**Q** 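Would you mind keeping the following structure in view while I ask a few things?
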Amino acid sequence: MKKFEIFLITSPGLEKALVEEVREAGFAKPKMMPGGVRFRGNWHDVWRANLELRGAVKVLARIGSFSAMSLGALEKRARDFDWGQFLRRDIPVKVEVTTQKSKIYHQGAAAERIEKILREDVGMAIDPDAAVVLKARIDDNLVTLSIDTSGESLHKRGHKAAVAKAPMRETMAALFLRQMGFDGSQTVFDPMCGSGTFVIEAAEIAAGLRPGRSRTFAFEHLATFDADVWATMRQVSALTAPACQFFGADRDAGAVTSSRANATRAGVADFTDFSQGKAEEIAPPTAAPGIVIVNPPYGSRISNKGHLYGLHSGLGMALKARFSGWRVGIVTTEAGLARATGLPLLEPGPSVSHGGLRVRLFQTDPLP
Ligand SMILES: C[S@@+](CC[C@H](N)C(=O)[O-])C[C@H]1O[C@@H](n2cnc3c(N)ncnc32)[C@H](O)[C@@H]1O
């Protein structure tokens with residue numbers, strides 16, 4: 001099967017964690033790029049990447065490239081392109097264009113030329129809400145064509161109904177767990193679990209549940225799709241019962257209810273345990289030490305900050321008093337808040353974009 005370039009998008013700052021995941025998953029020679037990871041593979045690799053990778057937000061398939069110095073040249077090259085290899089005439093498509101450092105500078109005009117060819121020469125419908133998105137990036141007069149093979153962002157695992165305030169994206173949660181060295185064999189406890197993202201991701205990893213098992217993908221609408229091969233690839237092997245439990249707590253009763261509902265839908269209710277309680281009063285859920293990972297409230301307004309320092313200090317005191325041997329990871333926007341825990345923090349991880357904010361993972365070694 002022919003190979004081409006596959007690009008995995010992730011949140012900037014998490015490229016290194018993603019490239020490690022991609023390498024471990026057995027994809028050939030992945031390379032880090034700003035905003036993601038690229039490697040060469042075939043369509044089966046595209047499907048498997050969508051199904052199995054926890055840290056990728058999107059999987060793009062690079063289907064071709066050519067140079068074009070004018071809209072006329074773009075139209076001609078688009079007319080010569082063999083779209084039928086990839087796109088189906090009966091499935092509508094949306095075209096998105098970005099340009100930089102190029103003679104073609106008008107993104108809308110460039111999109112119109114490609115849409116015109118797809119509509120008039122290929123006979124496809126153009127629809128802004130189409131499940132299939134064709135991306136043309138024009139950089140230095142080179143047009144690179146990619147198809148977004150994922151569709152909805154891959155952080156939408158397809159089994160989360162209840163969302164609490166400010167949820168962590170599943171893709172980021174998985175990569176932060178990886179940065180903490182979580183491999184499925186350690187107990188995980190999130191004392192401010194919200195909708196349960198860290199706990200459920202950890203339980204899924206431990207149980208060998210693939211992140212894309214409950215959802216559909218844009219690649220199912222492409223000409224390259226083979227339903228039989230996909231059905232075989234999706235076949236579920238027996239669930240591995242994890243060797244440990246995964247715990248969440250939150251002071252908000254609604255968050256606890258949401259977490260339980262989400263864990264049930266994800267099929268990990270038997271390995272997870274959620275309870276209501278204050279972070280300042282936590283005790284270790286197991287005798288053997290594990291990992292505490294937490295994403296406390298940030299509070300964007302200055303007026304909110306005061307009580308947040310108190311909250312972090314209270315969390316830190318509980319951890320120092322009762323969590324000897326546990327490793328702690330705090331995902332927060334502000335070093336000052338992480339420091340307010342009074343925990344012995346290591347050098348923080350890279351700054352990661354998260355919904356208009358920048359967060360970092362602050363970790364400790366096992367607590368004394
Ligand atoms: C940023 S959210 C966590 C989001 C979570 N990581 C998720 O993915 O849904 C912070 C959570 O901390 C909880 N919280 C705030 N103060 C708390 C306290 N003193 N003790 C326990 N939980 C608290 C809030 O109810 C909220 O669910």
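Counting starts at 1 for both ligands and their atoms, in listed order. Since the structure is predicted, the reported quantities are computational estimates derived from the model, not experimental observations.
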**Q** Looking at residues at least two apart in the chain, or sitting in another chain, which of them share a salt bridge (charged side-chain N to carboxylate O under 4.0 Å, His left out) with E115?
**A** none
**Q** With heavy atoms of K278 as the reference, note each atom of ligand 1 found under 4.0 Å away.
**A** 20 (N)
**Q** Can you list the ligand 1 atoms lying under 4.0 Å from a non-hydrogen atom of S195?
**A** 7 (C), 8 (O), 9 (O)
**Q** By number and element, which atoms of ligand 1 are closer than 4.0 Å to a non-hydrogen atom of N295?
**A** 1 (C), 2 (S), 3 (C), 4 (C), 5 (C), 6 (N), 10 (C)
**Q** So for ligand 1, is F198 a polar contact partner (N or O within less than 3.5 Å, distance only)?
**A** no
**Q** Between T149 and N50, does any side-chain donor sit less than 3.5 Å from a side-chain acceptor?
**A** yes
**Q** Tell me, with the steps shown, if H354 and M172 meet side chain to side chain contact (heavy atoms under 4.5 Å, CB included).
**A** CA-CA 9 Å; H354 177 37; M172 290 178 65; 3.6 Å; yes
**Q** Pull out every atom of ligand 1 sitting under 4.0 Å from any heavy atom of D252, numbered as shown with elements.
**A** 25 (O)
**Q** Based purely on interatomic distance, does T197 place a nitrogen or oxygen under 3.5 Å from a nitrogen or oxygen of ligand 1?
**A** yes
**Q** Relative to the ring of F81, is the ring of F86 parallel (under 30°), tilted (30 to 60°) or perpendicular (over 60°)?
**A** parallel
**Q** With a distance cut-off below 6.0 Å to the six-membered ring centre and an angular limit of 45° from the axis, does R62 pair with F7 as a cation-pi contact?
**A** yes
**Q** What atoms in ligand 1 come closer than 4.0 Å to a heavy atom of M168?
**A** 6 (N), 7 (C), 8 (O)
**Q** Determine yes or no for a side-chain-to-main-chain donor-acceptor pair under 3.5 angstrom, with E15 supplying the side chain and P12 the backbone.
**A** no
**Q** Can you sort out which atoms of ligand 1 are near C193, meaning under 4.0 Å from one of its heavy atoms?
**A** 5 (C), 7 (C), 9 (O)
**Q** Is a side-chain donor or acceptor of R260 paired with a backbone partner of F274 at a separation under 3.5 angstrom?
**A** yes
**Q** Between W43 and F219, does the ring centre distance come in under 6.0 Å?
**A** no
**Q** Tell me whether G314 reaches ligand 1 (any heavy atom closer than 4.0 angstrom to a ligand atom).
**A** no
**Q** What part of P191, side chain, backbone, both or neither, has a heavy atom within less than 4.0 angstrom of ligand 1?
**A** backbone
**Q** In ligand 1, which numbered atoms sit nearer than 4.0 Å to a non-hydrogen atom of E280?
**A** 18 (C), 19 (N), 20 (N)
**Q** Could you tell me if the side chain of T98 sits less than 4.5 Å from the side chain of I138, heavy atoms only?
**A** no
**Q** Which atoms of ligand 1 are found less than 4.0 Å from any heavy atom of P297?
**A** 10 (C), 12 (O), 15 (C)
**Q** Would you check the N or O atoms of A279, main chain and side chain alike, for any that come under 3.5 Å of an N or O of ligand 1?
**A** yes
**Q** What I want to know is whether D250 and ligand 1 share at least one N or O pair that is separated by under 3.5 angstrom.
**A** yes
